[in-house]
Protein chains: 2
Amino acid sequence: MHKKIRNMAEFAVASGISRPTISKYFNDPSSVRASSRSKIEAALACFDYRPNIYAVNQNRQMTKNIGIVVPYLADPFFAEIVRFIELRCIDAGFAPSLFSSHGEQALEIDILDSLRAIKPAGVLLAPLGRESDKAALESFCRHVPTVLFDSNIEGIGEAFIGSDNYSFVAQTVEYLTRTGEAPCFLEMRHPANPNANKRRDAYLSIMARLQLESHVISIEGRGWRFEEIGHQGGLKLLEQNTLPTNTVLCSNDRLAIGFLAACYEKGIRVGRDSDCDLRVASQDGHPFSRFTCPSLTTAAHDYTAISEHAVATLFQLIESGGRLAQRAEKLFPAQMIMRESA
Amino acid sequence: MHKKIRNMAEFAVASGISRPTISKYFNDPSSVRASSRSKIEAALACFDYRPNIYAVNQNRQMTKNIGIVVPYLADPFFAEIVRFIELRCIDAGFAPSLFSSHGEQALEIDILDSLRAIKPAGVLLAPLGRESDKAALESFCRHVPTVLFDSNIEGIGEAFIGSDNYSFVAQTVEYLTRTGEAPCFLEMRHPANPNANKRRDAYLSIMARLQLESHVISIEGRGWRFEEIGHQGGLKLLEQNTLPTNTVLCSNDRLAIGFLAACYEKGIRVGRDSDCDLRVASQDGHPFSRFTCPSLTTAAHDYTAISEHAVATLFQLIESGGRLAQRAEKLFPAQMIMRESA
DNA sequence: GATTTAATTTGACGCGGGTAAAGTTTTATA
DNA sequence: TATAAAACTTTACCCGCGTCAAATTAAATC
């Protein structure tokens with residue numbers, strides 16, 4: 001009875017419906033008459049036929065694929081946001097494909113290249129940032145409807161969804177200043193991510209507005225191993241004993257995780273209690289920031305809002321045919337999380 | 001001059017080579033005469049034509065796709081191993097597709113389902129473990145050449161590559177016992193991953209062999225938020241003050257990260273110095289274990305060996321037509337990393 | 001029950017490239 | 001230089017499905 005169905009024509013015979021109608025059904029089950037639909041679904045139950053996606057995508061102008069590209073998947077921030085995004089794409093009937101550039105420009109270009117080959121309906125792209133080949137990104141975005149997130153690159157992509165870096169720094173600096181000494185700012189000298197520069201600039205401008213003396217400490221190190229960089233840089237700083245203030249605001253949580261490890265090793269007591277030597281705060285709301293020692297006071301990304309809005313924007317972009325009247329930018333403010341480190 | 005090339009026939013004309021030869025070239029550039037090859041590559045340089053992957057895959061019995069499935073991508077262990085695997089697949093000319101089950105059975109089934117639809121040459125699967133639907137996995141593996149890694153499920157997949165849990169526990173217990181008191185063993189009562197059970201059993205058997213009294217402490221909590229579980233469980237344990245030994249071996253690093261945070265909060269000094277209250281060691285070699293406070297002594301997976309061998313096994317499986325004479329199992333021993341926590 | 005409207009069927013073509021057969025040219029070997 | 005082997009060209013058909021036009025049928029409206 002259950003002879004194997006090899007293609008849509010055979011399935012059409014088996015279900016007693018013509019092939020074009022079957023085709024319509026798979027593109028939109030509600031577009032066929034209820035009686036046909038139930039016949040098809042009855043047949044579907046016995047024969048478990050599914051259209052060949054390669055044949056389908058060859059003939060469709062646009063696939064149901066959505067590309068998701070992040071710069072560094074081993075960073076739990078991206079892993080977390082990708083989780084949200086994937087689930088929302090699936091719910092909307094799309095097939096997400098996930099790619100990580102692993103911090104390498106060549107790989108990012110390769111990914112965009114192979115992404116073009118699968119003709120996705122749209123792409124959610126968190127670019128490498130400073131390391132990105134802007135010409136390559138621009139060329140890609142001309143061909144594929146793309147929404148940028150996390151890292152903004154001016155003029156590239158139809159929209160950008162990210163966090164308002166100013167809000168992060170404003171909240172952390174305000175909190176730290178209100179509850180103690182104003183912070184110095186610890187960052188990588190050559191950050192991979194453009195958000196880092198925005199945060200430093202925000203720090204400088206906010207400190208100026210508050211008529212406070214600002215101190216930016218830029219530590220060496222390149223790449224995406226932020227914890228290690230924060231650790232090494234922290235050890236050096238603490239050995240030199242040249243921290244200008246007793247309060248340190250780290251540019252991001254991963255740097256702070258490394259820095260806290262250095263503090264611990266050097267016997268520096270971190271926290272807001274009176275017997276502590278140093279307060280450390282940071283920014284991102286990294287999934288592990290709860291479990292540092294002490295737990296990390298940080299300004300957190302609104303993961304849910306960002307992923308939700310990024311996906312919604314992409315869907316809207318797809319529905320309007322791949323182009324938006326003008327490039328939309330949406331920034332979400334930080335959510336302050338007060339913990340033990342400051 | 002640069003009229004757009006729409007398909008292989010047009011490209012054949014443009015390059016002065018017949019279409020079947022072009023087709024051969026793209027399947028294996030070395031299979032065509034050197035003179036033809038250089039003509040094709042010259043044309044390729046001006047016209048940047050690429051075969052339509054949907055048309056290609058429709059007609060090929062087997063694609064060049066490789067599926068990679070992990071249970072929880074937000075766990076840096078998997079993120080890290082995926083990085084290795086992806087790069088090796090790309091180097092070998094395959095197109096890896098990455099999926100995370102996000103800890104959910106339904107999603108794992110969905111992924112295997114859509115994976116079947118893309119007709120991959122092979123799949124590298126790290127199953128959820130206890131949460132997996134074994135019947136679904138078995139059915140999948142009957143259709144797609146699959147190599148399991150990380151979590152073994154007896155009889156499923158053509159091969160398994162993972163770590164030798166016994167070696168992990170043997171090394172940590174040996175080290176801890178040699179340098180101080182024998183450890184108790186801290187684990188989740190309902191671990192998601194079957195490795196956890198193997199580690200507990202190894203602990204019991206090793207302690208018995210050493211004629212030492214064993215103490216297994218099973219803490220409550222389900223799911224994949226191990227740090228939180230370790231943290232909550234740790235707080236409870238330390239409040240009750242009922243630890244049977246001054247040395248704790250955690251089943252895995254993420255649990256240990258949470259436990260260390262609990263120790264810090266409770267003012268327990270962790271480390272191997274004489275003024276410390278507790279020694280804590282663990283297992284996995286988690287990327288962040290270097291940055292805990294104190295840094296975590298742990299038995300590390302041999303990431304490189306595992307990913308290397310998993311990929312090599314899959315390639316071999318693909319070359320031998322999708323079936324192996326018998327199910328191969330390969331386990332790699334741990335590499336002990338001595339740090340400050342024990 | 002006649003008419004309009006919507007849905008379906010039939011038949012046919014196209015997408016882009018795999019692949020096989022038969023004949024032709026090139027290269028390698030002796 | 002003759003001969004065999006390898007690579008190539010031409011021709012043709014195939015894959016599985018989207019999609020269109022024309023004809024047919026069913027449902028909805030009055």
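Keep in mind it's a predicted model, so treat the numbers as computed, not measured. The sequence lines fix the lettering, A, B, ..., with proteins before strands; numbering per chain opens at 1.
With hydrogens and angles ignored, no donor-acceptor pair under 3.5 angstrom links the side chain of Asn7(A) to the base of dG16(D).
Atom pair Arg60(A):CZ and dG16(C):C1' shows a separation of 17 Å (rounding to whole Å applied). The CG atom of Asn27(B) sits 18 Å away from the P atom of dG16(C) (whole-angstrom rounding). To the nearest angstrom, P of dA6(D) lies 23 Å from OH of Tyr25(B). To the nearest angstrom, C1' of dT19(D) lies 17 Å from CE of Met62(A). Distance, Tyr54(A) OH to dG18(C) C1': 15 Å, rounded to whole Å. To the nearest angstrom, C1' of dG18(D) lies 15 Å from CG of Asp28(A). Rounded to whole Å, atom C1' of dC15(C) lies 11 Å from atom CG of Asn59(B). The nearest whole Å value for the distance from the NZ atom in Lys24(A) to the P atom in dC17(D) is 18 Å.
Looking at which nucleotide of DNA chain D each of Arg19(A) and Arg33(A) is closest to, the 5′-most match is held by Arg19(A). Mapping Lys119(B) and Lys39(B) onto DNA chain D via the closest heavy atom, the residue that lands nearer the 5' end is Lys39(B).
Comparing atom distances between the Pro20(A) side chain and each of dG18(C), dT10(D), dT19(D) picks out dT19(D) as nearest. Of all nucleotides listed (dG17(C), dC15(C), dC20(D)), dG17(C) comes nearest to the side chain of Pro51(B). The side chain of Gln58(B) has dC15(D) as its nearest neighbour among dT10(D), dC15(D), dT8(C). Here the side chain of Thr21(B) is nearest to one of dT9(D), dG17(C), dC17(D), namely dT9(D).
At a threshold of 4.0 angstrom between heavy atoms, the contacts of Ser35(A) with the nucleic acid are absent. Contacts of Tyr49(A) with the nucleic acid, taken as non-hydrogen atoms under 4.0 Å apart, involve only primed sugar atoms and P, OP1 or OP2. The residue Ile17(B) sits close only to the backbone: its heavy atoms come under 4.0 Å of sugar-phosphate atoms, none of a base.
The aromatic rings of Tyr49(A) and Phe11(A) sit parallel to each other, their planes meeting at less than 30°, with 60° as the upper class boundary. Ring geometry for Trp224(B) against Tyr72(B) counts as parallel: the plane angle stays under 30°, on a 0 to 90° scale with 60° as the upper cut.
In this structure, Lys24(A) forms no cation-pi arrangement with Phe26(A), as its terminal cationic atom is not both closer than 6.0 Å to the ring centre and no more than 45° off the ring axis.
Residues Ser30(A) and Arg37(A) share a closest heavy-atom pair of CA-NH1, 3.9 Å.
In this structure, Ser23(B) reaches the dG18(C) phosphate: one of its side-chain N or O atoms is under 4.0 Å from OP1 or OP2. Proximity of Ser36(A) to the phosphate of dT8(C): a side-chain N or O atom is located under 4.0 Å from OP1 or OP2.
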Start with the C-alpha distance between Glu329(A) and Arg327(A), add both sets of side-chain angles, then the distance that settles salt bridge (charged side-chain N to carboxylate O under 4.0 Å, His left out), and finish with yes or no.
-> CA-CA 7 Å; Glu329(A) 284 194 17; Arg327(A) 191 168 186 278; 3.0 Å; yes

